[in-house]
Amino acid sequence: MTRRWISEAPSKTVKSFPRLWSSSDAFSVFTEQRRNRTTCLALAAHAHLHTGMMAAMTTDTPGQAIVEAAWRDVRNGGGVRTELIDAAYAEPRLRELFPWTGMGELHFSRCTGNRWTWDIPYIGPTRDGGYCVEGPLRTETVGSAADAAQAVAMVVERLPANCGPAFIGTPEELAAHEAKG
C-alpha cells in the first residue's frame, strides 16, 4: 500500500508528523501502529530478559515488562479517566493483567497479544460521573458503580478462576498453554 503524504520533507528543527490524505490510509496507519506497539512491547521484554537493556524497569520477567509498558501507555493515552486507571492499577490482581482501552472503557486481558481475551468484565464511564461494569461480553451488564474503587471491586469479584499474570501471546496460544495443563 502506498501512503500519500502532504509533506515529504520534514523540518530539520521541528519533528513533524505527516498528514494522511484519506481516512482509509489513516485506519491502515492506526492498525499498523497498534501492531507495531505490541511488537515493540514484546521486543522490549526480550531485551530486558536477554541483555538487561531495560535496567530502569522494576519488573522481573518479560511478561511483567510488557504489562507494565501497557499500563504506562493506557495512563498516558488519555482515553480513560485517570482515577479509574489509578484504582485499577492499585489492585494487585488487575495490575498483573494486560490493560487496553476502547470507547472510553478500561479492559483487562489475560494475554498480551492482540486480539485480547474477552473473559473479564470491563469498566466504562457513565454520564453522571460514575461507572458501569459490563461484560465479559458486550451483551452482559454487571452493574453501576458510584466511584472507580467500587467498579474495580466488581471486576475483581468476577475474575475467572486461575486468573494470574498475563500470558505472553495471543488468546489462542493462551488456550493451548492452558490445555497442556
Side-chain angles (χ1 to χ4, degrees), residues 34 37-46 48-49 54-179 181:
R34 295 295 286 183
R37 181 180 144 252
T38 302
T39 302
C40 286
L41 292 173
L43 289 173
H46 180 77
H48 172 68
L49 178 66
M54 299 188 67
M57 295 191 78
T58 60
T59 57
D60 298 323
T61 67
Q64 289 174 317
I66 293 170
V67 169
E68 194 64 35
W71 277 102
R72 279 193 303 275
D73 190 39
V74 164
R75 180 118 170 70
N76 295 333
V80 176
R81 295 177 190 162
T82 304
E83 69 176 2
L84 176 58
I85 296 168
D86 291 345
Y89 188 81
E91 170 53 54
R93 293 191 63 201
L94 295 183
R95 184 173 48 242
E96 65 186 7
L97 298 174
F98 187 86
W100 60 279
T101 62
M103 301 187 322
E105 303 162 341
L106 180 58
H107 297 256
F108 308 95
S109 177
R110 295 187 309 119
C111 68
T112 61
N114 195 348
R115 301 212 43 103
W116 300 288
T117 59
W118 277 86
D119 56 353
I120 298 172
Y122 57 92
I123 306 168
T126 59
R127 291 182 185 181
D128 65 358
Y131 297 92
C132 182
V133 179
E134 300 178 316
L137 302 176
R138 289 229 175 254
T139 57
E140 300 172 330
T141 300
V142 174
S144 297
D147 60 32
Q150 185 182 10
V152 165
M154 292 169 75
V155 171
V156 171
E157 289 171 4
R158 290 162 180 81
L159 288 175
N162 300 321
C163 186
F167 176 83
I168 300 175
T170 65
E172 296 79 18
E173 293 167 334
L174 172 60
H177 174 77
E178 289 177 337

Between [X] and [Y] (side chain of the first, backbone of the second, donor and acceptor by atom type, cut-off under 3.5 Å), is there such a pair?
X: E173; Y: T170; answer: yes
X: E91; Y: A88; answer: no
X: N76; Y: R72; answer: yes
X: Q150; Y: A146; answer: yes
X: T101; Y: L106; answer: no

Atom CG of N162 with >12 non-hydrogen neighbours under 6.0 angstrom: no

With rounding to the nearest 0.5 angstrom, report the [atom1] to [atom2] distance, [X] to [Y].
X: R95; Y: W71; atom1: CZ; atom2: CH2; value: 9.0 Å
X: L97; Y: S109; atom1: CG; atom2: OG; value: 8.0 Å
X: T82; Y: Y89; atom1: OG1; atom2: OH; value: 15.0 Å
X: I85; Y: I123; atom1: CD1; atom2: CD1; value: 10.5 Å
X: F108; Y: C163; atom1: CZ; atom2: SG; value: 10.5 Å
X: T117; Y: F98; atom1: OG1; atom2: CZ; value: 10.5 Å

Kindly write out the residues that satisfy salt bridge (charged side-chain N to carboxylate O under 4.0 Å, His left out) with E105, not counting sequence neighbours, or none if the list is empty.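 Counting only residues at least two positions away or on another chain, E105 forms a salt bridge (charged side-chain N to carboxylate O under 4.0 Å, His left out) with R138.
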
For [X] versus [Y], what's the shortest heavy-atom pair and its separation?
X: R110; Y: P160; answer: CD-CG, 4.2 Å
X: P121; Y: V155; answer: O-CG1, 3.8 Å
X: A149; Y: A87; answer: N-CB, 4.2 Å
X: W116; Y: W118; answer: O-CD1, 3.5 Å
X: P171; Y: G113; answer: CD-O, 3.9 Å
X: V74; Y: P99; answer: CG2-O, 3.9 Å

Residue pair I120 / H107, side-chain heavy-atom distance below 4.5 Å: no

V133 vs T141 side-chain heavy atoms within contact, under 4.5 Å: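 No; the side chains remain at least 4.5 Å from each other.
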
A cation-pi test, strictly: NZ or CZ of R81 under 6.0 Å from the centre of the six-membered ring of Y131 and no more than 45 degrees from its axis. Yes or no?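 Yes, R81 sits over the ring of Y131.
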
